[in-house]
Student: 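For reference, the structure I am asking about is given below.
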Protein chains: 2
Amino acid sequence: MSENRVLVPFKENGHAHQRCMESALTVAEQTCRARGVRLTNIRRRVLELVWRSHEPVKAYDILARLQDEHSGSAPPTVYRALDFLQTEGMVHKIESLNAYVGCGDPNHMHIGQFLICRDCGAVAEMDDDDVRILLAEKAGNLGFQIDREVIEIKGLCAVCATEKR
Amino acid sequence: MSENRVLVPFKENGHAHQRCMESALTVAEQTCRARGVRLTNIRRRVLELVWRSHEPVKAYDILARLQDEHSGSAPPTVYRALDFLQTEGMVHKIESLNAYVGCGDPNHMHIGQFLICRDCGAVAEMDDDDVRILLAEKAGNLGFQIDREVIEIKGLCAVCATEKR
DNA sequence: AATGATATGTTATAATGTAACAATTTACAG
DNA sequence: CTGTAAATTGTTACATTATAACATATCATT
């Protein structure tokens with residue numbers, strides 16, 4: 001079994017989220033600079049708000065916070081920033097929740113596989129080649145060529161499973 | 001390779017959709033009778049409209065057709081019927097499209113894996129145990145117990161790939 | 001026919017997302 | 001440093017998707 005890459009883990013004991021978030025922001029800044037694209041104030045702020053927790057964040061929740069800070073914010077403000085961040089691989093949309101999560105690895109372009117806890121709402125991101133390979137093979141049996149996968153798995157994370165006992 | 005079950009195939013040569021749809025309706029009626037739930041006129045009609053093609057159908061498109069036939073139809077009419085049909089396993093929602101497709105196998109409760117052609121828009125449904133097992137294993141490595149999977153794969157189907165040449 | 005459960009009708013509104021065009025800011029060529 | 005084009009943001013309006021809440025009707029059973 002080759003890969004079990006975990007890009008964004010579930011919150012473990014002693015998870016220092018402040019640091020986790022700062023690191024994501026730093027990587028984002030470096031990546032944008034390297035690519036010659038602009039992480040403007042709005043985009044940066046939206047990325048921060050997405051990273052406030054490991055739960056998926058809704059566009060209109062982001063908007064509400066932006067409006068607290070700057071009344072000129074409107075839906076397009078948020079959706080444009082989210083579009084940019086998704087294009088640059090810094091944010092993923094969770095389609096089944098209409099919500100957005102920060103990506104742990106913007107440098108390596110990919111679309112991950114998400115594990116979503118039904119209890120705490122946290123999301124972990126995997127990027128597993130075995131899964132990708134198997135799906136490509138199964139789809140290939142039907143003559144189907146894969147462009148892009150949406151894989152969103154609902155269930156119970158280890159922390160919540162423990163607490164249930 | 002144990003399973004490569006295809007519940008709803010892509011439209012192949014000579015696909016007689018009229019028959020395909022009638023068969024789905026018949027199965028639905030039998031299933032409902034067996035379960036003691038009611039496939040009312042509205043629900044039956046919504047199921048027919050979902051099965052009009054192999055492309056995912058939008059709730060408000062269904063609504064528009066219902067309103068042609070009966071002016072008393074409103075969003076809840078459609079969403080209630082869709083809820084019922086999803087609960088009974090006769091319809092699946094494609095989360096990434098906000099649209100609905102008929103299920104080829106309502107008797108065996110499951111949530112399939114969908115292949116969505118970017119060209120013709122058609123959707124095929126697989127229900128593959130190998131995929132399910134691998135995902136369960138990978139998630140299990142993180143201590144995650146799976147309840148439900150959303151797997152929606154975008155790409156090019158065999159028919160459209162052939163036509164491209 | 002009376003009753004309770006299920007289903008539908010109806011109105012209103014919430015939640016999510018985009019179009020279109022104006023104003024501003026930025027990068028950078030001259 | 002200034003003019004200009006490109007990129008970004010502001011602004012208004014609207015489109016799309018979905019649900020809440022309560023009234024009415026229909027169904028299954030006594």
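Letters A, B, ... mirror the listed sequences (proteins, then strands); counts begin at 1. Being a predicted model, the structure only gives us computed values, none of them experimental.
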Student: State which of dA20(D), dG17(C), dG9(C) makes the closest approach to the side chain of Ile42(B).
Tutor: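 Nearest to the side-chain atoms of Ile42(B), counting from C-beta on, is dG9(C).
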
Student: Taking 4.0 Å as the cut-off, does a side-chain nitrogen or oxygen of Tyr100(B) come that near to OP1 or OP2 on dT17(D)?
Tutor: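 Indeed not, no polar side-chain atom of Tyr100(B) lies that close.
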
Student: Can you sort out the partners of Glu29(A) under salt bridge (charged side-chain N to carboxylate O under 4.0 Å, His left out), two or more places apart, ordered by chain and number?
Tutor: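 Result, salt bridge (charged side-chain N to carboxylate O under 4.0 Å, His left out) vs Glu29(A): Arg44(A).
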
Student: Members other than Val123(A) in its cluster, when Ile, Leu, Val, Met, Phe, Trp, Tyr link by side-chain heavy atoms under 4.5 Å?
Tutor: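 Ile94(A), Leu97(A), Val101(A), Phe114(A), Ile116(A), which link up through side-chain heavy atoms under 4.5 Å apart, make up the rest of the cluster.
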
Student: Using a strict heavy-atom distance below 4.0 Å, which residues from residues 84-96 of chain A are in contact with DNA chain C?
Tutor: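 Those residues whose heavy atoms fall under 4.0 Å from DNA chain C, taken from residues 84-96 of chain A in numerical order, are Lys93(A).
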
Student: Partners of Arg38(B) by salt bridge (charged side-chain N to carboxylate O under 4.0 Å, His left out), sequence neighbours excluded?
Tutor: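 Not a single residue meets the salt bridge (charged side-chain N to carboxylate O under 4.0 Å, His left out) criterion with Arg38(B).
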
Student: Keeping to residues at least two apart or across chains, list the ring-ring contact (aromatic ring centres under 6.0 Å, His included) pairs with something in residues 62-83 of chain A.
Tutor: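 Listed once each, the pairs would be none.
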
Student: For each nucleotide in nucleotides 22-30 of chain D, reading 5' to 3', give B when a protein heavy atom comes within less than 4.0 Å of its base, S when such contact involves only the sugar-phosphate, and - otherwise.
Tutor: -----S---

Student: Take the C1' atoms of the five end pairs on each side of the helix from dA1(C)-dT30(D) to dG30(C)-dC1(D), get both axes, and report the angle to 10 degrees.
Tutor: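 For the helix from dA1(C)-dT30(D) to dG30(C)-dC1(D), the axes at opposite ends meet at about 20°.
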
Student: Suppose we screen for side-chain hydrogen bond (donor to acceptor under 3.5 Å, both in side chains). Which residues come up paired with Arg45(B), at least two apart in sequence or across chains?
Tutor: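 In terms of side-chain hydrogen bond (donor to acceptor under 3.5 Å, both in side chains), with neighbours along the sequence ignored, Arg45(B) is linked to Glu48(B), Glu69(B).
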
Student: Mind telling me whether His17(A) and His54(A) have parallel, tilted or perpendicular rings, with 30° and 60° as the class edges?
Tutor: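 Ring orientation, 0 to 90° scale: perpendicular.
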
Student: Can a side chain N or O of Thr40(B) be found less than 4.0 Å away from OP1 or OP2 on dT8(C)?
Tutor: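 Yes, because at least one side-chain N or O of Thr40(B) sits under 4.0 Å from OP1 or OP2 of dT8(C).
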
Student: Run the ring-ring contact (aromatic ring centres under 6.0 Å, His included) test against Tyr100(A) and tell me which residues pass, sequence neighbours left out.
Tutor: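 Tyr100(A) satisfies ring-ring contact (aromatic ring centres under 6.0 Å, His included) with no other residue.
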
Student: If you pin Arg43(B) and Gly72(B) to their nearest nucleotides in DNA chain C, which one's is more 5'?
Tutor: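 The residue closer to the strand's 5' end, by nearest nucleotide, is Arg43(B).
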
Student: By the ring-ring contact (aromatic ring centres under 6.0 Å, His included) test, which pairs, at least two apart or in different chains, include something from residues 129-165 of chain B?
Tutor: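 Found Phe10(A)-Phe144(B).
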
Student: Considering all heavy atoms of both residues, which atom of Gln67(A) and which atom of Ser73(A) are nearest to each other, and what is their separation?
Tutor: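 Of all heavy-atom pairs spanning Gln67(A) and Ser73(A), the closest is NE2-O, 3.0 Å.
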
Student: Using distance only, find each side-chain donor-acceptor pair of residues 86-93 of chain A under 3.5 Å and give its atom names and separation, not counting sequence neighbours.
Tutor:
{"from": "Thr87(A)", "atom 1": "OG1", "to": "Asp83(A)", "atom 2": "O", "distance (Å)": "2.9"}
{"from": "Glu88(A)", "atom 1": "OE1", "to": "Arg35(A)", "atom 2": "NH1", "distance (Å)": "2.8"}
{"from": "His92(A)", "atom 1": "NE2", "to": "His110(A)", "atom 2": "NE2", "distance (Å)": "3.4"}
{"from": "His92(A)", "atom 1": "NE2", "to": "Glu125(A)", "atom 2": "OE2", "distance (Å)": "3.1"}

Student: For Ala74(B) and for Tyr60(A), locate the closest nucleotide of DNA chain C by heavy-atom distance; then report the residue assigned to the nucleotide nearer the 5' terminus.
Tutor: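 Comparing both residues, the 5'-ward one is Ala74(B).
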
Student: State which of dT11(D), dT10(C), dG17(C) makes the closest approach to the side chain of Thr77(A).
Tutor: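 Among dT11(D), dT10(C), dG17(C), the one nearest the side chain of Thr77(A) is dT11(D).
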
Student: Sequence neighbours left out, what passes side-chain hydrogen bond (donor to acceptor under 3.5 Å, both in side chains) with Ser53(A)? Give chain and number order.
Tutor: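 Partners of Ser53(A) under the side-chain hydrogen bond (donor to acceptor under 3.5 Å, both in side chains) test: none.
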
Student: Using heavy-atom distances to pick each residue's nearest nucleotide on DNA chain D, tell me which of His70(A) and Ala99(B) is more 5'.
Tutor: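 Its nearest nucleotide being more 5', the pick is His70(A).
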
